[in-house]
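For ligands, and for the atoms within them, numbers begin at 1 and follow the listed sequence. The structure displayed is predicted, hence computed values, not measured ones.
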Amino acid sequence: MSDEALEILATETRLFPPSREFANQANAKKELYEQAQNNPLEFWDEQADRLQWDTRWQQTLDWSDAPVSKWFVGGKLNVAVNCVDRHVENGNGDRIAFYFEGEPGDSETITYQQLKDRVCQAANGLTQLGIKSGDRVAIYMPMIPQAVIAMLACARIGATHSVVFGGFSAEALRSRIEDANATHVITSDGGFRKGSAFALKSAVDEAVKDLAFVQKVLVVKRTAQEVSWDAKRDVWWDEVVDTQSTAHNPEFFDAEHPLFILYTSGTTGKPKGILHTTGGYLTQVSYTHNVVFDIKPATDIYWCTADVGWITGHSYVAYGPTSNGATQVIYEGTPDTPHKARWWEIVEKYGVTILYTAPTAIRTFMKWGDEFPAAHNLSSLRLLGSVGESINPEAWIWYRETIGAGKCPIVDTWWQTETGGIMISPLPGVTDCKPGSAMRPLPGISAEILNESGEVLSHNGHAGYLSLTKPWPGMLRGIWGDMERFRENYWSKFEGKYFAGDGAKWDTDGAIWLLGRVDDVMNVSGHRISTTEVESALVSHPMVAEAAVVGANDEMTGQGIVAFVILRAGSVDGPDVAKTLRDHVAKEIGAIAKPRQIMIVPELPKTRSGKIMRRLLRDVAENRTLGDVTTLADSAVMNLISAGLSATTTED
Ligand code: PRX
């Protein structure tokens with residue numbers, strides 16, 4: 001690291017003001033903050049007006065049924081028309097919508113005209129399969145163009161999609177299909193990852209085998225691997241979709257029509273189906289994509305590295321950028337296949353100007369070494385973004401210097417599956433940036449930091465709970481099938497305010513620092529996983545009597561999953577036990593939830609009322625001296641745990 005970088009790290013409060021050059025051309029203007037503050041509804045009307053509506057709304061916001069909001073009441077629009085057709089109608093049909101880069105090295109260029117044709121064909125194909133407006137469709141795909149096309153086609157015909165990340169197991173897929181009652185599944189034979197083909201269709205077969213309500217499984221051929229086939233249920237994409245007409249008359253849907261469900265972890269073992277609707281969501285992602293990424297659709301090449309299985313891939317791949325007519329890169333594979341410079345090769349090949357990724361990736365690249373980015377021309381980059389967890393100042397500086405040549409603003413964007421779009425972030429060209437801070441709420445967004453009794457904390461460095469205090473168009477409309485949990489989870493801690501589940505503080509300059517989750521949700525490589533979910537997976541194994549899971553600090557992934565397990569009488573600890581249990585968690589949830597470490601213990605530390613004291617387990621997992629043990633029911637327990645550890649810790 002350079003002397004300058006070290007100096008910046010030493011002075012934590014160093015600000016990076018926008019350069020005059022960037023500010024002069026920025027989409028965002030300082031006045032936005034004031035405008036949104038003074039006339040919030042007018043401000044949102046203006047953002048919604050960036051879209052194409054078939055019927056204009058009569059009322060901007062109906063908050064009478066709080067916490068369920070209605071935005072742009074009475075308005076009608078079609079999301080796919082906004083994201084695709086209107087760019088063609090505006091004379092931009094030849095503009096590239098997607099540069100697709102497959103992991104094996106194949107690539108494909110798709111213009112907006114071609115995207116329109118393919119989305120229309122898919123819409124016709126889905127209709128032929130019997131999918132109607134309001135039906136739920138599960139999408140379980142690798143990062144290939146058909147994943148985005150399938151999402152846009154569902155939106156076009158008013159079907160509500162539920163994308164399930166391709167890394168989730170058959171079991172996780174099954175529970176999501178069942179919860180949403182999805183009548184159709186769109187998948188592929190598999191995809192390419194780490195140099196070889198992985199299978200998806202076989203997981204779908206397993207997931208839907210007992211689900212009689214699943215009518216059809218539509219399969220994209222990506223890898224040409226062998227798949228088993230149910231002739232009554234399974235159909236090929238190239239037969240049902242690619243043969244359709246490219247003409248499709250769109251229907252216009254109510255602004256509050258359900259657009260998608262996306263499952264995310266909460267504090268219980270059961271993932272929540274977060275529900276987003278049409279007009280407000282598209283307004284929010286389109287607006288934020290425009291001002292936060294400063295997108296210039298005619299010249300920028302934008303690359304968000306997120307998979308469509310996560311909210312970032314929904315809002316900042318499938319919907320936000322396309323609504324703005326942007327040109328983007330999508331890449332199927334991993335950053336180190338076939339070599340550790342793959343991303344930088346892609347940046348150079350396509351002349352990427354805006355790169356949006358996660359701190360865990362940035363830290364991995366730092367570890368691999370500067371020679372990989374240095375071998376490529378990255379001078380096209382002009383803006384960098386980060387999402388998923390707080391970015392540590394060291395990684396921020398490295399990102400700015402090594403990837404951004406010291407000239408690119410960095411937008412550290414805080415938001416959630418539930419918020420639909422970015423809530424807290426610098427506005428490039430307008431606000432200062434500070435390494436490690438997401439800075440301030442975007443124009444239109446109101447945030448407060450509250451203490452336990454709900455008092456508002458000021459710019460004094462005291463940590464509290466982050467809360468959003470005014471409704472916003474992209475906010476979740478509920479939890480699918482469980483409105484009680486929606487109220488309880490987000491709206492009961494502080495009366496009338498949205499509780500985000502994150503700790504935060506304002507510093508004395510009025511910049512926000514995010515401090516991580518305050519509930520039992522872990523953040524592993526920017527992915528949300530609940531401790532209870534992993535515990536349930538562990539205790540579902542016949543060898544396990546009891547399990548407690550904590551997220552321990554991890555240099556690379558932010559947090560790592562550490563499990564403390566009590567075996568059932570008769571099950572003997574041995575060299576294979578940890579591996580068996582880790583594989584079992586992967587089977588129940590997916591490889592991303594595999595514990596980093598499993599510790600077989602004779603007891604778990606509990607309070608007198610039987611509650612597991614995770615704080616003490618975190619101390620053990622992070623090799624710290626134990627904190628206060630006085631509330632333990634049996635204080636000898638921790639000695640037992642610590643004594644047994646050296647013999648039983650398993651890691652790989
Ligand atoms: O804890 C926060 C963290 O990720 C959580 C939301 O996770 P998810 O719904 O999966 O969405 C991730 C992508 C938007 C938040 O509650 N988080 C996300 N972005 C940041 C962050 N923490 C700190 N800084 C961020 N920029």
Heavy-atom distances under 4.0 Å decide this one: backbone, side chain, both or neither, for [X] against ligand 1?
X      : answer
Asn523 : side chain
Arg517 : side chain
Thr417 : both

Check: Phe365 and Thr402 side chains under 4.5 Å, non-hydrogen atoms: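 When only atoms from C-beta onward are counted, Phe365 and Thr402 do not touch, as no gap falls below 4.5 Å.
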
Report yes if some heavy atom in the side chain of Arg528 is under 4.5 Å from a heavy atom in the side chain of Thr417; otherwise report no.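 Sidechains of Thr417 and Arg528: in contact.
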
Can [X] and [Y] be counted as an ion pair, charged N to O under 4.0 angstrom?
X      : Y      : answer
Lys367 : Glu555 : no
Glu171 : Arg174 : yes
Lys493 : Glu452 : yes
Asp509 : Lys434 : yes

Ring pair (Phe, Tyr, Trp, His ring centres under 6.0 Å) between Tyr399 and Trp396: does it pass, once the steps are laid out? CA-CA 5 Å; Tyr399 197 26; Trp396 195 101; 8.5 Å; no

Within ligand 1, which atoms have a heavy atom of [X] less than 4.0 Å away?
X      : result
Ser390 : 22 (N), 23 (C), 24 (N)
Arg528 : 6 (C), 7 (O), 8 (P), 9 (O), 10 (O)
Leu514 : 23 (C)
Val387 : 13 (C), 14 (C)
Thr413 : 19 (N), 20 (C), 25 (C), 26 (N)

Just to confirm my output: which protein heavy-atom neighbour is closest to atom 13 (C) of ligand 1, and how far is it?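 Residue, atom and distance for the closest contact: Thr312 OG1, 3.5 Å.
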
So is Arg176 actually on top of Tyr140's ring, under 6.0 Å and inside 45° of the axis?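 Pair Arg176/Tyr140 does not count as cation-pi.
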
Can you check which of Gly388, Ala504, Gly501, Ala306 brings a heavy atom nearest to atom 4 (O) of ligand 1?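 Checking each option, the heavy atom nearest atom 4 (O) of ligand 1 is found in Gly388.
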
Measuring from atom 21 (C) of ligand 1, which candidate in Glu389, Met423, His314, Gln416 has the nearest non-hydrogen atom?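 Heavy atom nearest to atom 21 (C) of ligand 1 belongs to Glu389.
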
Polar proximity ligand 1 side, [X] side, N/O cut 3.5 Å exclusive:
X      : result
Asp412 : yes
Ile311 : no
Asp502 : yes
Thr264 : no

May I ask you to check whether Tyr316 and Phe293 place their ring centers less than 6.0 Å from one another?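 Yes: the rings meet the under 6.0 Å criterion.
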
Partner set under side chain to side chain donor-acceptor pair (under 3.5 Å) for Ser69, not counting sequence neighbours: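 Result, side chain to side chain donor-acceptor pair (under 3.5 Å) vs Ser69: Trp71.
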
